[in-house]
Visitor: 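Please see the structure below; I have some questions.
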Amino acid sequence: MNQPKRSDEPIWWALFSAGGVCFAVMIPGLVLTLGLLYPLGLLPEAAFSYSRVQQLLQSFWGLAGLILAGTAICLPLFHAMHRVHHGLHDLKLAKGPLTKVLCYGLASLLSIVAIAYSGIIV
């Protein structure tokens, strides 16, 4: 009996699924809070001062900020790039592993840039 070929697809499908959950749960909450309630003055202005938000995101050794950046930026990036990769595959534009490397590499690079520029990891 031959050993079945190992695949990296479960990793990408897990990131796709997690990104979809973040799109469905986290992003609407952030849009509601930061895009509607805060600008309409329904939330106290002191709650979203720069120093308070920075203190919150860097508390617990930056874990809270890392979780927020990961759930609001990084996981949805992998979700979107997984859709792009499989869309290219469905259109028969994906030739070999190049599109997989480009799509997931771009999502990885943008995730690193987002976390680095958020000031969480110095």
Side-chain angles (χ1 to χ4, degrees):
M1 297 288 295
N2 291 338
Q3 287 286 352
K5 183 182 174 198
R6 296 210 178 230
S7 173
D8 60 351
E9 280 298 310
I11 296 167
W12 306 122
W13 279 102
L15 288 169
F16 169 76
S17 176
V21 169
C22 291
F23 266 136
V25 176
M26 290 288 296
I27 301 301
L30 285 172
V31 168
L32 177 67
T33 303
L34 300 175
L36 292 174
L37 298 178
Y38 181 66
L40 291 174
L42 299 174
L43 297 175
E45 193 163 324
F48 291 100
S49 68
Y50 179 78
S51 60
R52 183 173 172 127
V53 171
Q54 184 181 26
Q55 179 185 13
L56 173 70
L57 293 180
Q58 292 178 346
S59 64
F60 302 109
W61 301 285
L63 187 60
L66 186 63
I67 290 170
L68 181 64
T71 56
I73 299 171
C74 301
L75 289 176
L77 270 172
F78 279 98
H79 178 85
M81 293 314 289
H82 187 78
R83 284 189 176 273
V84 168
H85 170 66
H86 281 279
L88 290 172
H89 180 75
D90 291 343
L91 294 172
K92 303 206 183 319
L93 296 173
K95 303 293 183 197
L98 179 63
T99 55
K100 181 184 277 192
V101 170
L102 287 175
C103 287
Y104 299 129
L106 182 62
S108 299
L109 178 69
L110 291 175
S111 296
I112 290 167
V113 168
I115 290 172
Y117 278 114
S118 67
I120 297 164
I121 298 175
V122 180

Visitor: Which heavy atom in P76 sits nearest to a heavy atom in F23, and how many Å separate them?
Guide: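 Looking at all heavy atoms of both residues, the shortest contact is CB-CZ, 3.5 Å.
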Visitor: How long is the straight-line distance from NE2 of H89 back to SG of C103, given to the nearest 0.5 Å?
Guide: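 NE2 of H89 is found 12.5 Å from SG of C103.
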Visitor: Starting at CG of L43, measure out to CG of L36 and round the result to the nearest 0.5 Å.
Guide: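 Here the rounded value is 10.5 Å.
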Visitor: Starting at CG of L30, measure out to OG1 of T71 and round the result to the nearest 0.5 Å.
Guide: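 Nearest 0.5 Å value for the CG-OG1 distance: 7.0 Å.
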Visitor: List the atom of F78, the atom of S108, and the distance in Å for their closest heavy-atom pair.
Guide: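 Here F78 and S108 meet closest at CZ-OG, 3.5 Å.
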Visitor: So how far is it from I115 CD1 to I73 CD1, rounded to the nearest 0.5 Å?
Guide: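 It is 8.0 Å, given to the nearest 0.5 Å.
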Visitor: What verdict does the side-chain contact (heavy atoms from CB on, under 4.5 Å) test give for W12 and K100, after you've listed the backbone C-alpha separation in whole Å, the side-chain angles of each residue and the deciding distance to 0.1 Å?
Guide: CA-CA 10 Å; W12 306 122; K100 181 184 277 192; 4.2 Å; yes
Visitor: F48 and Y50: same hydrophobic cluster, using ILVMFWY side-chain contacts below 4.5 Å?
Guide: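 Cluster IDs for F48 and Y50 differ.
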Visitor: Applying a strict under-4.5 Å side-chain criterion to I, L, V, M, F, W and Y, I'd like to know whether I11 and W13 cluster together.
Guide: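 No.
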Visitor: Under 4.5 Å between side-chain heavy atoms, hopping through other hydrophobics if needed: is there a path connecting I112 to L77?
Guide: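 No, separate clusters.
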Visitor: To the nearest 0.5 Å, what is the distance between OG on S111 and CG on L75?
Guide: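 That separation rounds to 8.0 Å.
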Visitor: Assess the residue pair Y104 and H82 against the criterion (side-chain contact (heavy atoms from CB on, under 4.5 Å)); give the C-alpha distance rounded to whole Å, side-chain angles, the decisive distance to 0.1 Å, and a yes or no.
Guide: CA-CA 7 Å; Y104 299 129; H82 187 78; 2.5 Å; yes
Visitor: Report whether V21 and L15 are members of the same hydrophobic cluster (ILVMFWY, side-chain heavy atoms less than 4.5 Å apart, transitive linking).
Guide: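 Looking at the clustering, L15 is in a separate group from V21.
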Visitor: From L110 CG over to M81 CE, what is the distance, rounded to the nearest 0.5 angstrom?
Guide: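 The CG atom of L110 sits 8.0 Å away from the CE atom of M81.
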Visitor: Can a salt bridge be assigned to the pair R52 and E45 using a cut-off of 4.0 Å between side-chain N and carboxylate O?
Guide: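 E45 and R52: not salt-bridged.
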Visitor: Evaluate L93 against T99 for side-chain contact (heavy atoms from CB on, under 4.5 Å), listing each step before the verdict.
Guide: CA-CA 9 Å; L93 296 173; T99 55; over 6 Å; no
